[in-house]
Amino acid sequence: MTDSAKPTLLVVDGHSLAYRAFFALPVDNFTTKDGQHTNGIYGFLSMFVNLVKAEQPTHLAVAFDTSRHSFRTDQYAEYKANRSESPAEFKGQIPLLQECLAAMNVPVLTQEGIEADDILATLATQGAAQGFDVLVCSGDRDTIQLVTDDVTLLYPSVQGVSQLKRYTPDAVVEKYGLPPANYPDIAALVGETSDNLPGVPKVGEKTAVKWITQWGSLDALLDNADKITGVVGGNLREHLDDVRRNRSLNALLRDVDLGIGPADLAVQPIDAQAVRDIFARLEFRTLLPRVFDAVGVDAETAAASAAPAVAAPVPTELDAPGLTAWLAAAGETEVAVTVTIDGGMPARIGLATADAAVESRWSEETAAALGPWLESESPKVLADAKPQVKALRRAGVRLRGLVFDPILAGWLLRPSFPDKRLGDLVDRYLDEKLPEADPTQLVPETEGATPGQLSWYILRVTEAMRGELPASVAAVLSDIELPTLDTLADMELAGVAVSHEKLSGFSAELGARADAVAQLAYAEIGREVNLGSPKQLQEVLFEQLELPKTRKTKTGYSTDAAVLADLQESNPHPFLDLLLQHREATKLRQIIESLDTAIGNDRAIGADGRIHTTYVQTGSQTGRLSSTDPNLQNIPIRNEESRRIRAAFEVGEGYDTLLTADYSQIEMRIMAHLSGDAGLIEAFNSGEDLHRFVGARVFGVDPADVTPAMRTKVKAMSYGLVYGLSAFGLSKQLRIEQSEAKLLMTEYFARFGAVRDYLRSSVAQARIDGYTETIFGRRRPFPDLASPNRVLRENAERAALNAPIQGSAADIMKIALFRIHDELRRRELRSRILLQIHDELVVEVAPGEWDAVEQIVHDRMGDAAELSVPLDVQIGRGENWDVAGH
DNA sequence: ATCACCACGTA
DNA sequence: CGTACGTGGTGATA
């Protein structure tokens with residue numbers, strides 16, 4: 001039992017315990033979606049938080065080995081030489097575990113040439129001398145020698161890392177028959193297989209203890225070795241040097257110069273935000289509350305632990321004249337604005353400057369007082385501005401002067417785990433807790449922040465974030481994202497007209513076909529199964545029909561379309577084709593149904609015969625938009641039948657026609673620009689079809705002699721390049737031998753070598769910087785480029801190779817998007833942008849405006865960026881999206 | 001109800 | 001063993 005008056009020092013051998021956890025926990029249950037194994041990290045942290053909670057140490061450190069090399073291997077090259085290389089799946093976990101500990105503000109100690117246990121021994125010795133109760137936690141038996149009245153060893157049992165056995169001096173005597181200080185003597189005689197230290201043959205623990213007890217010490221025993229009788233006596237005499245060597249090596253260093261001592265290891269409050277971040281990356285969910293619990297902070301208040309929160313001002317409720325006066329006083333200072341929304345319309349509005357907050361109900365009078373200021377260039381900050389901008393527009397107010405949106409800024413800073421709510425940003429950048437009402441309570445204990453208070457927080461978060469925004473990222477925010485936000489609000493409000501009649505007719509047709517095909521399929525196999533269930537299909541295909549097993553998935557064997565097509569080729573069966581037909585019909589029908597229910601589904605607008613998607617501006621890691629509710633960026637186009645869906649997207653009433661505009665090969669053009677490859681640049685400047693031009697070069701023929709097969713091959717190669725395609729992937733896609741794919745790549749790079757050089761150097765630069773950058777300065781971090789896990793690292797390499805290309809294309813499209821929007825408005829044209837599908841725009845053109853609109857769209861897309869190759873824009877026109885898209 | 005997984009639509 | 005997304009069904013969990 002520890003004396004509660006004494007401070008408690010807990011020192012842990014991180015490496016050995018994580019290694020035990022690695023083997024104790026099934027790796028399959030502890031792997032992130034990217035493929036990072038986390039079982040060792042999880043097991044260690046799980047044990048560690050239990051330990052901290054149970055022991056309540058006042059001082060704490062975790063030690064790690066630096067490498068296999070140490071002063072012991074210098075003395076004896078065979079030391080631990082029998083140990084096999086630790087698995088790669090484990091190695092990669094140590095740096096991540098150290099990151100977790102750093103986030104928890106737990107000191108991580110390492111020393112070149114010194115093993116973790118020597119660090120433990122040094123700290124334990126110093127701690128005991130300085131009046132600490134010391135707890136040593138290690139999986140290495142040599143640490144038994146450290147046990148004294150002041151030092152207790154916690155040793156993992158064979159059952160697992162969570163069961164720790166306490167070794168006090170009494171417990172050591174009970175188990176080994178000798179006091180802790182003599183344990184190394186026994187170990188030296190017996191030997192330690194795991195350290196590759198052979199002992200005296202035929203001498204086990206029993207004999208060793210007997211000898212030491214008899215002679216009092218190892219030295220005395222060795223001095224009197226000639227007095228030992230029998231075979232073991234002879235063995236001892238023959239292995240005296242081994243025993244001396246073992247004893248020398250198993251003595252832990254107690255005087256390592258660590259530069260710090262036990263007193264420097266006082267337990268620190270954890271960095272709750274950092275813990276959340278690293279746990280999110282490792283996909284640990286249940287561990288988070290346990291960590292907060294162990295350190296005495298509950299998860300909800302953890303964020304507020306460090307800094308004392310400044311109380312938000314109590315906002316003053318103002319009427320219309322009050323608002324006018326307040327705004328006049330605010331002048332041109334930056335004001336944060338929060339609009340609450342009810343039924344799509346503004347309900348309340350809160351305004352804040354650095355030292356004051358006011359708010360008001362939205363009414364005709366207050367709107368009239370606020371309108372001119374909201375529509376002025378006076379600088380404003382809104383968090384997640386788009387829905388608020390939309391609500392204001394519905395109320396007839398066009399917000400201008402938006403200079404910052406912390407949600408967008410947060411996404412630009414960390415696109416992989418964007419903070420979605422203001423509360424997340426308050427946690428991260430202010431280290432405070434945003435007051436939020438508990439939605440589960442009818443009468444919440446804590447009131448949620450009011451709009452005025454929210455605005456006050458927004459302003460403070462903004463100030464904190466500006467300090468962290470690199471200039472190039474700040475420029476992306478103000479020059480690209482904020483103007484885009486404004487445009488997207490109008491696009492979402494406009495919506496796109498979709499014909500319910502066309503859709504419902506087609507849906508019924510497909511439904512009837514799906515049913516008929518299903519009946520035929522059932523007949524083929526003699527029973528009814530759920531054709532939508534991969535699990536049931538596996539039974540049919542691989543058990544009943546005994547078709548060859550296909551690509552493995554996590555839960556069995558794949559039944560996807562590519563696999564079924566392969567099966568149809570090798571083992572033709574009518575069921576396969578029927579299944580494919582059924583899949584196609586049901587998939588199309590499902591898309592149609594979801595579109596149909598989305599028509600006029602926007603509560604705020606009512607049924608207007610149009611679909612209003614939501615563009616998620618923070619929806620990608622590369623800078624692209626995403627589209628939800630419904631997703632209008634994945635409407636089918638590939639085959640004739642699916643185009644009937646596009647035909648249902650029509651020009652709306654009061655408008656004349658739809659215009660589609662798309663960039664042709666924008667990513668390859670960006671590649672040409674970034675790589676500066678003379679051949680590729682020439683290809684785009686020549687006016688020749690890109691793939692024909694490239695094909696001619698690669699195959700050494702005239703452009704006119706490039707066959708369709710050649711064109712297909714170089715086209716696949718060109719597109720694949722942007723994604724980091726391998727020879728294996730290329731051969732699979734083109735269904736050619738790997739050797740041929742390899743040859744194709746060789747020939748391609750022989751002609752377009754600068755492309756390869758660029759791709760390589762861009763990944764290399766990302767490895768140095770830790771992030772990639774688009775032409776316009778948008779960044780994307782890639783921590784996994786440094787991972788020792790090959791799969792993880794190579795995935796990161798491909799994504800890093802793609803990010804500047806896809807991201808630059810997204811930047812260019814956004815620039816074109818808002819410039820078109822702005823010019824249409826400036827010239828007071830009624831025509832409006834409806835949709836953005838990454839490299840395509842759909843515009844609704846008002847009567848008499850075609851020529852002007854076509855010109856604007858073409859030119860603004862064409863001159864959105866100045867590259868070393870032209871940006872080619874294809875324009876289409878028609879009464880519906882299908883026709884216009886041709 | 002919520003989650004993971006599979007499958008599949010787009011650029 | 002090619003990047004970036006969102007949706008919907010199934011089947012296993014709670």
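Letters A, B, ... are given to chains in the order of the sequence lines, protein chains preceding strands, and every chain is numbered from 1.
- Counting heavy atoms from C-beta outward, A:Gln633 and A:Gln836 have side chains that approach closer than 4.5 Å.
- The phosphate of C:dC5 has neither OP1 nor OP2 within less than 4.0 Å of any side-chain N or O from A:Gln806.
- Between A:Leu537 atom CG and C:dG11 atom P there is a gap of 10 Å when expressed in whole angstrom units.
- Proximity note for A:Asn631 (side chain, C-beta onward) versus C:dG6, C:dT10, C:dT3: the nearest is C:dG6.
- Residue-level contact check: A:Arg780 touches the backbone only, with heavy atoms under 4.0 Å from sugar-phosphate atoms and none from bases.
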Any chance you could lay out the side-chain hydrogen bond (donor to acceptor under 3.5 Å, both in side chains) test for A:Asp596 and A:His500, step after step, and finish with the verdict? CA-CA 6 Å; A:Asp596 199 24; A:His500 165 73; 2.6 Å; yes
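- Ion pair A:Arg644/A:Glu509 flagged as a salt bridge, since at least one NZ, NE, NH1 or NH2 atom sits closer than 4.0 Å to an Asp/Glu carboxylate oxygen.
- At the heavy-atom level, A:Leu801 lies nowhere under 4.0 Å from the strands shown.
- The distance from atom CD of A:Gln836 to atom P of C:dA4 is 17 Å, rounded to the nearest whole Å.
- Contacts with DNA chain B (heavy atom under 4.0 Å) in residues 548-560 of chain A: A:Thr553, A:Lys554, A:Thr555, A:Ser558, A:Thr559, A:Asp560, listed by number.
- Cation-pi geometry between A:Arg780 and A:Tyr771 is not satisfied (NZ or CZ under 6.0 Å from the ring centre, within 45° of the ring normal).
- If you take CH2 of A:Trp411 and C1' of C:dA4, they are 12 Å apart, rounded to a whole angstrom.
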Criterion salt bridge (charged side-chain N to carboxylate O under 4.0 Å, His left out) on A:Arg760 and A:Glu797, from CA distance to verdict: CA-CA 10 Å; A:Arg760 281 191 183 155; A:Glu797 283 169 356; over 6 Å; no
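- In this model, the phosphate group of C:dA12 is approached by a side-chain N or O of A:Lys535 to a distance below 4.0 Å at OP1 or OP2.
- Nucleotide C:dT7 holds its C1' atom 12 Å from the CG atom of A:Leu632, rounded to whole Å.
- For A:Leu595 and C:dT7, the CG to P distance is 11 Å, given to the nearest whole Å.
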Pair A:Asp515-A:Gln519, side-chain hydrogen bond (donor to acceptor under 3.5 Å, both in side chains): steps then yes or no: CA-CA 6 Å; A:Asp515 290 346; A:Gln519 292 307 320; over 6 Å; no
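- Per the geometry, CZ belonging to A:Arg583 stands 16 Å off C1' belonging to C:dT7, to the nearest Å.
- Note on A:Glu737 versus A:Lys742: no salt bridge recorded, every NZ/NE/NH1/NH2 to OD/OE distance being 4.0 Å or above.
- Remark: A:Asn530 is in phosphate contact with C:dT10, judged by side-chain N or O atoms under 4.0 Å from OP1 or OP2.
- For A:Arg798, a side-chain nitrogen or oxygen approaches OP1 or OP2 of C:dT3 to under 4.0 Å.
- Using a 4.0 Å heavy-atom distance criterion, A:Gln733 is classed as a base contact.
- Of all nucleotides in DNA chain B, those with any atom nearer than 4.0 Å to a heavy atom of chain A start and finish, going 5' to 3', at B:dA4 to B:dA11.
- The shortest heavy-atom contact between A:Pro783 and A:Arg281 is CB-NH2, 3.7 Å.
- Each of A:Gln590 and A:Asn802 was matched to the nucleotide of DNA chain C holding its nearest heavy atom; the match closer to the 5' end belongs to A:Asn802.
- Contact annotation for A:Glu794: no contact, since no heavy-atom pair falls under 4.0 Å across all strands.
- For the pair A:Thr772 (side chain) and A:Ala766 (backbone), a donor-acceptor distance under 3.5 Å is absent.
- Enclosure of atom NZ in A:Lys502 by more than 12 non-hydrogen atoms of other residues, nucleotides or ligands within 6.0 angstrom is indicated.
- One atom, CG of A:Asp839, and another, C1' of C:dA4, lie 13 Å apart when rounded to the nearest Å.
- When heavy atoms are screened at a 4.0 angstrom cut-off, A:Ala561 is found touching the sugar-phosphate backbone but no base atom.
- At least one side-chain heavy atom of A:Leu632 sits under 4.5 Å from a side-chain heavy atom of A:Leu595.
- At a threshold of 4.0 angstrom between heavy atoms, the contacts of A:Asp629 are confined to the sugar-phosphate backbone, with no base atom among them.
- Rounding to whole angstrom units, CG of residue A:Leu725 and P of C:dG2 are separated by 6 Å.
- Taking side-chain N and O atoms only, A:Ser594 has no distance below 4.0 Å to OP1 or OP2 of C:dT7.
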